[in-house]
Amino acid sequence: MVVGLMLVAAAAIHNILGYVLGYWGSRMVGLSKQDSRTLSIEVALKNGGLGMGLALESLGSANAALAPIVFGKWMNISGSALANYWRDKPTDDYKLITKTKI
């Protein structure tokens, strides 16, 4: 039980760091808010499937695949929650595009 809780906490921290660094890193290099949001989710969600594949194929261990499995479940929940949060908060880019098309 202790390892399970630590594993969930580590997966959450790793995923949140992916969101934060993906968003702010892309903003620092000049991407728009819309592109930064997309990149943030992309960066944070890439790790789970790759980790599970590597654990099963390279290490041949179901125990090694436990962390990516937990991460996969966490990233699906957190990614959906973040996308839903951002859906209701349009960016300035989106406002500009809709004003010019109308």
Side-chain angles (χ1 to χ4, degrees):
M1 190 67 174
V2 172
V3 172
L5 292 175
M6 287 176 42
L7 191 57
V8 170
I13 290 168
H14 184 262
N15 192 240
I16 290 168
L17 280 173
Y19 291 130
V20 170
L21 295 176
Y23 182 81
W24 289 109
S26 60
R27 291 294 292 155
M28 285 175 36
V29 297
L31 291 179
S32 67
K33 287 183 181 179
Q34 186 75 26
D35 291 341
S36 296
R37 288 178 178 186
T38 302
L39 189 65
S40 172
I41 291 174
E42 192 67 27
V43 166
L45 300 187
K46 282 291 183 192
N47 303 329
L50 178 63
M52 186 166 39
L54 287 172
L56 291 175
E57 291 297 320
S58 299
L59 301 174
S61 169
N63 288 338
L66 183 59
I69 290 170
V70 169
F71 184 80
K73 302 301 182 210
W74 171 260
M75 74 177 188
N76 288 333
I77 294 167
S78 65
S80 295
L82 184 59
N84 281 320
Y85 173 76
W86 274 340
R87 180 185 64 191
D88 296 331
K89 307 215 176 334
T91 63
D92 296 334
D93 305 329
Y94 178 75
K95 291 175 188 174
L96 181 64
I97 291 169
T98 56
K99 284 183 181 178
T100 57
K101 287 187 177 181
I102 295 175

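The analysis underlying the following values was restricted to heavy atoms, covering all of them including side chains, and did not include hydrogens, waters or symmetry mates. Note that this is a predicted model, so its numbers are computed, not measured. Positions are given from 1 along the sequence.
Applying the side chain to side chain donor-acceptor pair (under 3.5 Å) criterion to Asp88, with sequence neighbours excluded, gives no partner residue. Remark: Trp24 pairs with no residue by the ring-ring contact (aromatic ring centres under 6.0 Å, His included) rule, at least two apart or across chains. Qualifying side chain to side chain contact (heavy atoms under 4.5 Å, CB included) partners for Leu39, counting only residues two or more places apart in sequence or in other chains: Ser26, Leu31, Val43.
Rounding to the nearest 0.5 Å places CZ of Arg27 at 9.5 Å from CZ of Arg37. Atom NZ of residue Lys33 and atom CH2 of residue Trp86 lie 11.5 Å apart, to the nearest 0.5 angstrom. For the atom pair CD of Glu42 and CG of Asp35, the computed distance is 12.5 Å after rounding to the nearest 0.5 Å.
Counting only heavy atoms from C-beta outward, the side chains of Ile41 and Tyr23 never approach each other to under 4.5 Å. His14 has its side chain out of reach of Leu17: every pair of non-hydrogen atoms, C-beta onward, lies at least 4.5 Å apart.
Ile77 is not connected to Leu82 by any chain of hydrophobic side-chain contacts under 4.5 Å among Ile, Leu, Val, Met, Phe, Trp and Tyr, and they are in different clusters. In the hydrophobic clustering of this structure, Met75 groups with Val20; members are Ile, Leu, Val, Met, Phe, Trp, Tyr whose side-chain heavy atoms approach within less than 4.5 Å, directly or through other members.
Within the structure, side-chain hydrogen bond (donor to acceptor under 3.5 Å, both in side chains) contacts touching residues 67-81 (residues at least two apart or in different chains) are Asn15-Trp74, Asn15-Ser78, Tyr19-Ser78.
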